[in-house]
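Everything numeric here is computed off the predicted structure, so don't read it as measured data. Within every chain, numbering begins at 1; the chains are lettered A, B, ... in the order of the sequence lines, protein sequences first and strands thereafter.
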Amino acid sequence: MSAIFKEHILPQLNTESLEASEVKAILQVLEVLDTTDHDTYKTLTNSSNIKSVNTKFTKNVAQHIYFYPKLYANEKQGLEFVASWAPLLEQGFYPDEKSIHKLVEFLQFSLGFIHSEHLAESLISQFFQVLKKLVQSESEASLPITRFLVNTIFDIRDVLSSDFLIQQCLKHNILVGNYSVAHSDQTYSTHPFKINTDFIQHFFAGDWFKFTAKLHKALPVGRVYVTSAYDIVKPWLSEELASFYKDYSNVAIMANHAIKERLIFGEVKSLELLNIKTTENIYPLIAGLGAKVWDAGEVLLFNNRDKNIPQKQLDICYLRFINWLTADGRSNFYTEAFKEYGIHILSDSTAEALPLQCIPFWFDTCHPRVGIANQTETYNTVFSKVLIKDCKGTLPLMRYQNQDFQVTGTFLIQNVFQTQNNFKAWLHNFTKAGLKNPLNQFLVRMFYDAREVLAELYNAEQQDILQVYLLALAYSARDTNDVIRTQHLPFIVKTLTALCTEPGNFTRVNEISALKNIDTCVEDLCSDFARGHYINENRSLDLNIIQAWFNYLGDFYYSYRQEAVWVSDMLTTQGVRTATYFNAIEEDVSYFLDRAINRIISFHRKCKIKSSENIAFEKISAEMEVYLTDFLGELKKDKLNANTTKYLYDYSLSTIADFSNKTELTTAIEVFFQNLFNEETTTKTATTVNNPLSITLEMEVTEINQKYVDAVLHNLENYSKNQNSNVQLLQPLDEKIEEFKVWLLDDETGIEARFNQALYMALLDTNLAPGTAQETYGNICRSLFVHLVKGTKMALSYGMGLQAMAKSGAYSEELTTALLQVVDQLNA
Amino acid sequence: MTQDITPEIQDQLNLSALILKKNYKNANLTSWSGFDLENDMHVKQAKRLLNLYGIKSGLHLRNSLQRYESGQMVSHKFEKLALEFRMSTTTDFDAKYNAEENPSTKGIYKMVWKYRFSLKKEKLIGYEMAYYIFQMRLGHVLGFMNTDEMILRLEEANDTIKSTFSSWSDFHRNVCLGDEYVLGVTEQDVSKFPGTETLWECYQRLHIEHADWFKTWKK
């Protein structure tokens, strides 16, 4: 190492002009260089006047050691010369300004040589170690060398040299830590490598713009996948630089441009610079992204944003992004920038970060009719995840006007969609897509969220359209998966429940309650809804509803209480109310009540017959009994007609009905029957008196004539009303039956049919059944009936009728047997 | 849980065999629904038919059944016209017939005139109840109705039909007439679309394939 010293410097060393203290310094240098055996050293040591003086390493001494411009003429020699400084620098012997300027000059002219020739790696390493020591020294040497290095690494005119220097600086960690600046008063201040005012002052003449311009130019330059100037600058980035960018947004835009180019040409992200922030936590370059219209580059950059950036600074960028996606007929979708990066901006975000404007964008792009078909799937996937699947409530929390914004159905309807004018056409397009389309899922949530105010937002006609839409969507839920179905069906049903409140439209009510078949998750909702409409004590009753109640008895019964479940409530709670309703009606409702009671009794009978088969039937009959008890107990006694009362009374006595221990019910029926009986006794006299056809018991019947036949027929048709089953009157007819048949052949008034019908009715009358007081009258009727009907064309139908009645279970065993006998006789 | 089909139930199901075969040629008459629930094509066909009748749920199905059961579907209209015709003279009828321009209404007039007395009691109940059973079976494909309920309803449908008609041929004639009333007269037509069969063709085929089913009229 010291060879170059011995060879070239010592011989030239001229100490004559030096003072004693300086000579002493030279001696120390020689000691350090291990050249004590040299003549010069010996000569100097022997000088008498040095012992008493202090060592003083002056500028002059430094020049004696370091200033040898001729050595730089040979590059290799110059290199070795500088490399040999290392031990001296370690001892604090630094070159003076003049020598350093020479070195800088040498570097400027010889850098090309240093990296082009095949020099020993060790020599280069030593050389840069020396430079490092110089940079980090507190000496006059520090600033000039540092300035050279900084300028060179930003110098893109000689890429080879600057790249070489960059690699060496990084390798030897040269531009890290501190550098120092010499002041005129011989003091030194040390400065860290941080981009601040001092730094700019020292290296860029105080001009921030100059620095940023150089930095931006240098950013994209460099070899791919190799470290570059940016890697040196990276640790220098400071909040002051961020502040500068913040103050000069146009520079920030240029910075972004440079980062973009670096990303494109160098395939390296410049995350640290991009996400640079001020002390106030402001990210000026991200803000710079928001300041201009985007191209693909911004998408790339934005995708590299820091995750900690406050949402407020990002809002504008998201809007720019949406604009970029919308621009040029949404063709940016097909760019690499979108497929590689843009999609991540959306999919990596949560709804809380995305602007509300995403919703119209999504709907426009993926619209079932006018949307862009080949973009639909991508966006639907992204947005359905962000806005539907990950959403905690019904609708997401998003960003709007730089604020967190809870999206509400009302807001969407009023401000986003604004389709009140063409609501039908608008919904129509969505209807066909079905619930599997995420747009529809979102709409369902929107309407659900706004369900309380839909009545204010839409007029009646539109509400109807909306109901139809929701119904169609509900059915389309069958084509979706379980998750979507179980999430959205309840929304649909609840919205419909809120919409369909007008009484009276039972078609719609049924349609809505029918949705329960789609999935069990809405069964209860639908049943409650139906119950709310069918049994609503706040609304006045009308015949239609009551008719519906009785109609649904069928569904209730046949389905073993699984369908029309509200019927159970109706039966157990509405009896009194029904009666009150009918009591208040002045018109004659007996026909309606007759049919109603017939229906309920017919189902009661069915239940009783089958009660052993299933527990459900027992329950139904019990519920019906509750209803009948409540209803009949409250109903005014003149509301039922005679037939109904009798039918009810007869049924209540039958074994099938099994009312024996239902005292309250039987009493109620009894009261009706009693009432009827009383009425009849009061009107009986009048009827008898006014009846011109009444015939006395003493009347002698000698032949069949018109008068007699009329009398018999009258008696047959009216005996039950008059309580006058006149056996004596009927008896002769039975005896003269053949004569009567001949008589009938001549009759042209159709009396035969009336006769047969009257007899038929008598046959079915339980009061004439065998075992009762009027058994004889019944027996004669049966006999007459067989004689008259047998062999006629009506025989078959009467036979079947009787058989059906006999088997209906309404009659006692005796009467059933009697009726079946008649049938047998007819068929014989 | 699906119940077994007893011979008694099979006999009741057979009341809809003709209608079922007409609507779906490949139907398996010995199953509850007639459709193979495991076979997507079968289910699809059933869905298509249900759609045709506007049956989207169990409630729709039951409402439809009630309309068939109560005669609202066909019998009421038939009876109204028949009542009018029963009181008309041939001249009245001819005038009304000639005044009508719609050929299908003309067909209906002609038919009702012909049967105005003979179907006074039966009306078109046979046809309606056959449809009643057929729709139950269809609804079963999509689970709108379970077999328990079907059994309960079948029993009563059976009672209605068996007490209204006296034989299989009597009943089937009514089904055919109902079909003709609803769809218009179908005549043997060689140029018809392949794969479609008239009810009459179904009837013949059915009687060849399952001759023993339609012999005794079990009450």
Side-chain angles (χ1 to χ4, degrees), chain A residues 471-472 474-476 478-479 506-507 509-520 522-523 526-527 530 548 550-564 595 599 602-603 606-607 609-610 613-614 616-617 793-794 796-809, chain B residues 1 3 40 43-44 46-47 50-51 54-70 72 117-122 125 132-133 135-136 139-167 170 217 219:
Chain A
L471 282 168
Y475 282 111
S476 72
R478 288 203 171 109
D479 307 328
F506 283 98
T507 314
V509 171
N510 289 343
E511 273 181 302
I512 295 171
S513 63
L515 298 180
K516 71 176 192 164
N517 278 110
I518 299 172
D519 196 287
T520 46
V522 288
E523 230 168 59
C526 289
S527 299
F550 286 96
N551 274 340
Y552 277 101
L553 281 179
D555 284 4
F556 189 61
Y557 163 77
Y558 289 121
S559 66
Y560 297 77
R561 303 178 85 246
Q562 299 302 304
E563 295 291 324
R595 293 195 39 187
R599 188 163 170 87
S602 77
F603 279 112
K606 285 176 188 174
C607 286
I609 292 170
K610 288 189 176 289
E613 287 177 23
N614 195 306
F617 295 131
K793 61 178 180 179
M794 294 304 290
L796 191 63
S797 28
Y798 274 127
M800 282 198 321
L802 283 173
Q803 186 153 27
M805 294 305 286
K807 284 183 174 172
S808 70
Chain B
M1 86 213 127
Q3 309 252 9
D40 283 347
V43 174
K44 202 172 172 187
K47 278 186 182 166
L50 283 169
N51 215 23
I55 295 173
K56 293 190 280 187
S57 71
L59 196 109
H60 288 95
L61 173 65
R62 291 186 180 84
N63 282 349
S64 176
L65 293 184
Q66 206 193 350
R67 282 196 293 276
Y68 276 108
E69 190 188 11
S70 62
Q72 285 174 48
F117 289 114
S118 54
L119 290 183
K120 192 175 169 187
K121 180 176 76 106
E122 293 91 343
I125 290 173
Y132 179 93
I133 299 173
Q135 289 200 342
M136 273 204 285
H140 181 65
V141 177
L142 291 194
F144 294 158
M145 191 174 278
N146 60 27
T147 46
D148 283 341
E149 184 169 351
M150 282 176 82
I151 292 173
L152 205 56
R153 286 177 183 267
L154 269 175
E155 223 171 86
E156 294 182 9
N158 182 58
D159 285 349
T160 311
I161 296 174
K162 295 286 170 72
S163 62
T164 313
F165 301 96
S166 54
S167 68
D170 195 11
W217 188 241
K219 286 207 176 181

_Check whether A/N517 reaches the backbone of B/F144 with its side chain - one donor and one acceptor, N or O, closer than 3.5 Å._
no
*Scan A/N510, A/D555, A/N551 and name whichever one has a side chain to side chain contact (heavy atoms under 4.5 Å, CB included) with B/R62.*
A/D555
*Is there a side-chain contact between B/E156 and A/Y558, using heavy atoms and a 4.5 Å cut-off?*
yes
*Neighbour count above 12 (heavy atom, 6.0 Å) for B/K47 NZ*: no
*Given side chains that start at C-beta, do those of A/K610 and B/L152 come closer than 4.5 Å, heavy atoms only?*
yes
*Could you tell me which non-hydrogen atom of A/G554 sits nearest to which non-hydrogen atom of B/R153, and how far apart they are?*
O-NH2, 4.4 Å
*Can you see which heavy atom on A/Y475 is nearest to which on B/H60, and at what distance?*
OH-CE1, 3.3 Å
*A/Y557, part contacting chain B, at a heavy-atom distance under 4.5 Å*: both
*When rounded to the nearest 0.5 angstrom, what distance separates CD1 in B/I151 from CD in A/E613?*
9.0 Å
*Interatomic spacing from CE in B/M145 to CD in A/E563 - rounded to 0.5 Å*: 8.0 Å
